[in-house]
S.K.: 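Here it is, the structure in full.
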Amino acid sequence: MALHRVLLLGVLALSFGSAFVSAEDEAEAEEKVVDGFSEADRAKMTEGSEKHEFQAEVNRLMDIIINSLYTDKQVFLRELISNAADALEKARFHSVQDESFLGDTKDLEVKIEHDADAKTISIVDTGVGMSKADLINNLGTVAKSGTTNFLEAMAEGGDANLIGQFGVGFYSAFLVADKVSVTSKCNEDPVQHVWESAADASFTVVDDPRGNTLGRGSRVTLHLKEDAHDYLSEDKLKESAKKYSQFIQFPIYVKVKKEVDVEAEEDDEDDDKEDEDEEKSDDVETKDEEEKEEAEEKKPKKKTVFEWEQVNTQKAIWLRAKEDVTEEEYSEFYKSISKDYLDPLAYTHFNAEGEIEFKSILYLPKKAPFDMMDNYWTKKSDVKLFVRRVLVAEKFDELLPRYLNFVRGVVDSDDLPLNVSREQLQQNKIMKVISKKLVRKVLELMKKLAKDEESGGDDEDEEKEDEEKEEKEEKKESKDEDGLWTKFWKEFNKNLKMGCYEDDSNRSKLSKLLRFFTTKSDGKEISLDKYLDRMQESQESIYYMSGDSLDVMKKAPALQIFMKKDLEVLMLPDHLDEPCLQKLADYEGKKFVSIQKADVKLDETEDEKKRFSKIKDMYKPLTDWWKKMLTDLTEGGAMKDAGVKVEKVEVSKRLTDSPVVVVTSQ
């Protein structure tokens with residue numbers, strides 16, 4: 001019996017050995033298959049391939065792609081996903097006209113996978129696909145004679161956006177790949193074809209020896225350069241694919257590897273029963289050992305599986321009608337694009353129509369970034385730019401002016417060229433039109449917030465008149481709470497003041513949004529319109545003064561006469577306030593006048609004018625003496641190195657309590 005057992009084990013060992021060998025053979029066979037092609041397939045393709053020469057100097061062309069158009073290699077994925085989405089959109093369009101167009105391949109989708117061993121990335125779509133002629137014409141356009149004309153136009157300073165007509169979007173693949181293969185099948189051509197090029201001034205087209213493996217659509221495979229192997233990382237590929245495809249309407253999948261628990265296979269269950277029948281006479285110990293081995297085999301084991309994970313689960317809510325989007329959806333979308341944990345303060349969702357059409361959602365945040373003014377001159381706009389739902393730029397210099405760089409949101413245009421860099425887009429005329437409309441919409445949103453708060457306050461005042469004392473107190477408390485515009489102003493007032501200083505074309509609109517402390521505002525900031533409403537009838541100017549703080553300004557001698565005459569004065573504690581008003585110069589026809597300057601003119605009666613003239617003549621000897629003394633002191637005395645020059649000394653109309661004040665000339 002013992003001999004029988006040994007022989008049996010020997011046979012099992014041999015069978016396991018043969019299993020190991022066959023597994024190794026299979027692994028070797030799999031290793032030889034790259035991009036779905038075996039060595040035999042490759043041999044057939046080499047024999048039957050047609051070689052086509054590019055008609056332009058590829059090195060020159062590649063130089064333009066890499067150096068002039070694309071500063072970020074990662075955009076290759078954006079371009080290829082965009083091309084795939086276009087192919088899917090065409091397939092969807094055809095299926096609307098012809099229900100049988102989709103055939104057995106009904107799912108319109110893009111799948112992205114990588115092969116770490118073969119060092120390849122493949123982007124597969126179920127779009128319209130291409131025939132042999134399409135492959136030659138569409139992927140060869142980049143190297144036709146028109147390219148030479150384009151290169152000449154570029155040398156003469158032509159519009160780089162024209163390059164979109166030359167297939168450069170697809171050729172951005174050569175930023176990361178030294179060889180590109182395109183397998184494609186369309187409904188009009190019964191044969192599946194393979195296009196290949198290594199950017200060596202030629203490409204080949206051949207019938208696919210495997211037959212129709214796609215059903216319909218295209219598979220673009222990139223054989224990566226050594227410096228692009230980081231895209232073979234699953235996380236990197238998912239991150240890049242999500243970045244450029246999160247709002248594309250068709251599902252985009254990335255192939256991911258996962259480990260799952262599986263029960264041990266019970267293939268040999270019948271054999272085990274036969275062995276038990278033959279060895280009934282074995283001792284109890286042997287049976288116990290066999291049962292233990294079976295139990296161990298049935299324990300859960302780890303198994304590696306591959307799954308397709310969708311990366312663009314977020315929907316492009318800006319494409320939906322405003323009434324179909326909930327407040328919660330607006331807030332969640334804001335948080336996803338801004339990485340802010342707070343809900344937005346306000347938003348505007350609009351479709352721009354006319355010569356340029358685009359869709360947009362713009363948000364005003366509740367809180368300003370802690371480093372907002374520190375990075376004011378270098379920070380770029382955080383509005384994301386999409387072209388046909390493909391992300392073109394996350395941050396853009398010219399989309400919004402610097403003073404609005406806190407605005408978040410998205411802009412999606414069908415009119416912009418997709419396959420050019422942000423550097424080229426910045427020079428695009430369409431971009432300037434879009435930027436102008438965005439600024440107008442943001443300022444309109446701010447104006448609405450400000451108007452709603454002011455009108456809301458007035459309504460509240462009216463309601464309080466007929467209420468009981470306790471209710472009045474409650475209303476007063478609620479009124480004391482900051483409204484939306486006040487909250488916004490506290491966070492972003494410096495930006496709007498900078499805008500007032502920098503933006504000549506929108507300065508008048510911005511002036512309506514400005515808020516200032518005054519001598520009558522009880523510590524609150526008011527609009528210039530409210531100041532005008534409270535002006536005296538004979539008052540011709542808007543008076544202001546600047547200082548380090550409100551307390552310091554309230555004690556200033558220059559303010560005394562204005563308090564006596566009950567004239568309201570703007571108080572400017574912020575260093576940005578005065579330059580802002582100086583740029584404005586006037587508001588609604590009323591000039592801004594600093595009460596700290598010498599030539600401030602106040603309204604006075606004829607009697608007051610005669611009285612002051614007599615006083616001036618009376619004290620002329622004193623003022624002349626003071627002028628001489630101060631001139632000697634500043635020009636030849638102890639203060640000669642101070643750089644101070646006394647222009648004149650005169651009796652003041654503006655002092656009521658203080659004996660003297662020093663002012664600057666107007």
Side-chain angles (χ1 to χ4, degrees), residues 33-38 41-42 44-46 48-52 54 76-95 98 100-115 118 120-144 166-174 177 179-199 202-223 248 250-253 255 419:
V33 176
V34 177
D35 190 27
F37 296 101
S38 65
D41 293 333
R42 288 277 172 199
K44 288 180 185 176
M45 289 165 64
T46 304
S49 66
E50 295 179 12
K51 189 172 183 180
H52 298 260
F54 287 131
F76 81 90
L77 203 54
R78 177 191 81 190
E79 300 295 348
L80 296 179
I81 289 175
S82 172
N83 288 350
D86 286 345
L88 292 172
E89 180 58 37
K90 288 174 184 173
R92 187 197 64 77
F93 178 76
H94 285 306
S95 69
D98 179 6
S100 64
F101 181 84
L102 297 180
D104 296 331
T105 313
K106 300 205 179 288
D107 293 331
L108 296 175
E109 60 192 10
V110 179
K111 290 184 173 180
I112 304 170
E113 60 182 329
H114 71 282
D115 185 336
T120 62
I121 292 176
S122 297
I123 296 94
V124 187
D125 68 71
T126 55
V128 288
M130 289 180 279
S131 64
K132 181 179 179 180
D134 291 334
L135 287 168
I136 295 170
N137 293 330
N138 294 351
L139 304 186
T141 302
V142 71
K144 284 189 174 178
F166 294 84
V168 173
F170 166 75
Y171 270 78
S172 65
F174 286 101
K179 179 183 175 184
V180 178
S181 303
V182 181
T183 306
S184 197
K185 170 71 177 69
C186 69
N187 288 355
E188 289 74 24
D189 193 335
V191 180
Q192 183 168 296
H193 301 279
V194 181
W195 179 101
E196 281 189 344
S197 177
S202 67
F203 61 89
T204 60
V205 181
V206 64
D207 294 354
D208 193 331
R210 303 167 303 172
N212 183 0
T213 60
L214 295 172
R216 185 193 66 252
S218 298
R219 177 188 179 95
V220 180
T221 298
L222 315 182
H223 300 260
I248 288 179
F250 302 104
I252 314 287
Y253 299 97
K255 195 174 187 180
N419 48 358

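Note that these values count all heavy atoms, side chains included, but never hydrogens, waters or copies made by symmetry.
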S.K.: So, using side-chain contact (heavy atoms from CB on, under 4.5 Å) as the criterion, who are the partners of K51 when residues are at least two apart?
M.R.: E53, S202, T204
S.K.: With I81, which of D86, D125, I248 fulfils side chain to side chain contact (heavy atoms under 4.5 Å, CB included)?
M.R.: I248
S.K.: Going by side-chain contact (heavy atoms from CB on, under 4.5 Å), name the residues that satisfy it together with S131, two or more places apart in sequence or in a different chain.
M.R.: A133, D134, C186, D189
S.K.: Test of understanding: with side-chain contact (heavy atoms from CB on, under 4.5 Å), list the residues that count as partners of V182, not counting sequence neighbours.
M.R.: M130, L135, L139, F170, V180, W195, V220
S.K.: For K132, which residues count as a side chain to side chain donor-acceptor pair (under 3.5 Å) partner, sequence neighbours excluded?
M.R.: E50
S.K.: Restricting to side chain to side chain donor-acceptor pair (under 3.5 Å), what partner residues turn up for T183, sequence neighbours left out?
M.R.: none
S.K.: When rounded to the nearest 0.5 angstrom, what is the spacing between CZ in F76 and CD1 in I121?
M.R.: 4.5 Å
S.K.: Can you sort out the partners of D98 under side-chain contact (heavy atoms from CB on, under 4.5 Å), two or more places apart, ordered by chain and number?
M.R.: S100, F101
S.K.: In Å and rounded to the nearest 0.5 Å, what is the CD1 to CD1 distance from I123 to I112?
M.R.: 6.0 Å
S.K.: Which residues pass the side chain to side chain donor-acceptor pair (under 3.5 Å) test with E89, not counting sequence neighbours?
M.R.: R92, Q249
S.K.: Which residues pass the salt bridge (Lys or Arg N to Asp or Glu O under 4.0 Å) test with R219, sequence neighbours left out?
M.R.: D35, E113
S.K.: K185 and P190: which non-hydrogen atoms are nearest, and at how many Å?
M.R.: CE-O, 3.6 Å
S.K.: Indicate the atoms forming the closest heavy-atom contact of L102 with R216, along with that distance.
M.R.: O-NH1, 2.8 Å
S.K.: Could you tell me whether the side chain of T46 and the main chain of R42 form a donor-acceptor pair under 3.5 Å?
M.R.: yes
S.K.: Only counting residues at least two apart or in another chain, list the ones meeting salt bridge (Lys or Arg N to Asp or Glu O under 4.0 Å) with E109.
M.R.: K111
S.K.: Between V124 and L214, is there a side-chain heavy-atom distance shorter than 4.5 Å?
M.R.: yes
S.K.: I'd like to check the side chain to side chain donor-acceptor pair (under 3.5 Å) partners of D208; sequence neighbours left out, ordered by chain and number.
M.R.: Q192, R210
S.K.: Could you check whether atom NZ of K179 has more than 12 heavy atoms from other residues, nucleotides or ligands sitting under 6.0 Å from it?
M.R.: yes
S.K.: List in chain and number order the residues that pass ring pair (Phe, Tyr, Trp, His ring centres under 6.0 Å) with F93, two or more places apart in sequence or in another chain; answer none if no residue qualifies.
M.R.: none
S.K.: To the nearest 0.5 Å, what is the distance between CG (N83) and CZ (R78)?
M.R.: 10.5 Å
S.K.: So, for A173 and L80, which heavy atoms are closest and what is the spacing to 0.1 Å?
M.R.: CB-CD1, 4.4 Å
S.K.: Where do D41 and F37 come nearest, in terms of heavy atoms and distance?
M.R.: OD2-CA, 3.9 Å
S.K.: Has the side chain of S181 got a donor or acceptor atom that lies under 3.5 Å from a matching backbone atom of L222?
M.R.: no
